[in-house]
Amino acid sequence: MKIPLFPLGSTLFPDGLLALKIFEVRYLDMTKTCFKQQSPFGVVTLTEGPEVRVPGQDIEFSDIGTLAHITEFDAVQPSLFMLRCRGARRFKILERHLGANGAWSAEIELMDDDPEIDIPPELTPTSQALARLIASFEEQEVDPSERPFFEPFRLNDCGWVANRWAELLNIPPSQKQHLLSMENPRLRLDLVQEMLEEMGAFKPPR
C-alpha cells in the first residue's frame with residue numbers, strides 16, 4: 001500500500017481528531033486528491049526539522065504513523081483549505097520517497113487495531129477523569145465542532161482512553177510517539193496513568 005505522507009510536529013492517534021490549515025502547494029494538491037478519492041494520507045511525527053518546508057533543510061520523521069481520513073473539507077480560498085480529519089489504523093513505513101515538489105510518500109504495512117480490553121479497577125481513575133472532562137463540555141455548552149473528541153466515547157476501553165489522554169497531555173512528541181508505538185493498549189494506559197499521577201491530576205488508588 002502506497003500513501004502520501006504529512007509529517008507534523010504533533011501525533012495523530014486512532015480515532016483521534018486532527019484539524020489542519022493547508023496552504024503549502026504540495027499539501028493543497030495532496031489533500032484535494034485525497035478528499036475527492038475518499039482516500040487517506042499518513043500522518044507521521046517529525047523528529048527533526050520544521051513542518052513548513054524550508055529549502056535546503058532536511059527533515060526526519062518516525063517510521064510509525066496513523067492513517068488520516070478527511071471528514072470535513074472547506075476551501076476557504078484557492079490556496080487555503082481548512083480540514084478536520086479522523087485517525088484510523090496505524091502503519092509502519094517500509095520505504096519512503098521524496099517527490100520533486102517536496103512531498104513525501106511511502107510504502108506501508110498496516111498494523112493491527114488495538115484489541116478491546118476493559119479497563120481494570122486499578123486504572124479506572126484515568127477513565128473517570130476523562131469522563132469528567134467530557135461532561136464538562138456539555139456543562140459549558142461547548143459547540144460539538146469545538147470538542148477534541150469524536151463520538152462514540154468508549155470510556156471502558158483501554159486503548160481509546162489511553163489514546164485520548166495521549167492527545168491531551170502536554171508531553172514531548174517523542175513520548176507521544178512512544179505511546180503510539182506501543183502495541184499493548186493496557187500497558188499504554190498504565191503509562192498514561194503514571195504520567196497523570198506525576199502531574200497531580202488525581203491521587204493514585206490505595
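The shown structure was predicted, so the numbers you read here are calculated from the model rather than taken from an experiment.
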Hey, are E122 and R186 close enough for a salt bridge, meaning a charged N less than 4.0 Å from a carboxylate O? yes

Step by step, work out the side chain to side chain contact (heavy atoms under 4.5 Å, CB included) result for L28 and F23. CA-CA 6 Å; L28 290 168; F23 54 88; 5.6 Å; no

Indicate whether the side chain of H69 and that of Q38 have a donor and an acceptor atom separated by less than 3.5 Å. no

Non-hydrogen side-chain atoms of N156 and V161 separated by less than 4.5 Å: no

Closest non-hydrogen atom pair between P4 and C34, with its separation: CG-SG, 4.0 Å

Is the closest side-chain donor-acceptor distance between T126 and Q193 under 3.5 Å? yes

Option among V44, T45, L180, T66 that satisfies the side chain to side chain contact (heavy atoms under 4.5 Å, CB included) test with L12: T66

Which atom names give the shortest non-hydrogen contact between F41 and C85, and what distance separates them? CZ-SG, 3.9 Å

Mind telling me whether F6 and Y27 have parallel, tilted or perpendicular rings, with 30° and 60° as the class edges? parallel

How about L46 and E60: do any of their side-chain heavy atoms sit closer than 4.5 Å? no

What's the shortest heavy-atom distance between P185 and E183, and which atoms? CD-O, 3.4 Å

In this structure, CD1 of I119 is separated from CG of L155 (nearest 0.5 Å) by 7.0 Å

List the atom of F81, the atom of T31, and the distance in Å for their closest heavy-atom pair. CD1-OG1, 3.7 Å

Using a strict cut-off of less than 4.0 Å between a Lys/Arg side-chain nitrogen and an Asp/Glu carboxylate oxygen, indicate whether E138 and R147 qualify as a salt bridge. yes

Test item: L196 and W165 side chains (from C-beta on) under 4.5 Å apart, heavy atoms: yes

Sidechain N-carboxylate O distance under 4.0 Å for R84, D74: no

Quick check: do L130 and F153 have side-chain heavy atoms less than 4.5 Å from each other? no

When you measure from the side chain of R188 to the backbone N and O of M182, does any donor-acceptor pair fall under 3.5 Å? yes

Tell me the closest heavy-atom pair linking N170 and M199, and the distance in Å. O-CE, 4.4 Å

Among the clusters formed by ILVMFWY side chains lying less than 4.5 Å apart, do L8 and I22 turn up in the same one? yes

Report the C-alpha separation of L5 and S105 in whole Å, then their side-chain angles, then the decisive distance to 0.1 Å, and conclude whether the side chain to side chain contact (heavy atoms under 4.5 Å, CB included) test is met. CA-CA 5 Å; L5 295 180; S105 61; 5.6 Å; no

For E116 against D157, the heavy-atom pair lying closest together: CA-OD1, 3.3 Å

Lys/Arg-Asp/Glu bridge criterion (N-O < 4.0 Å) met for R96, D63: yes

Using a strict cut-off of less than 4.0 Å between a Lys/Arg side-chain nitrogen and an Asp/Glu carboxylate oxygen, indicate whether R90 and D113 qualify as a salt bridge. no

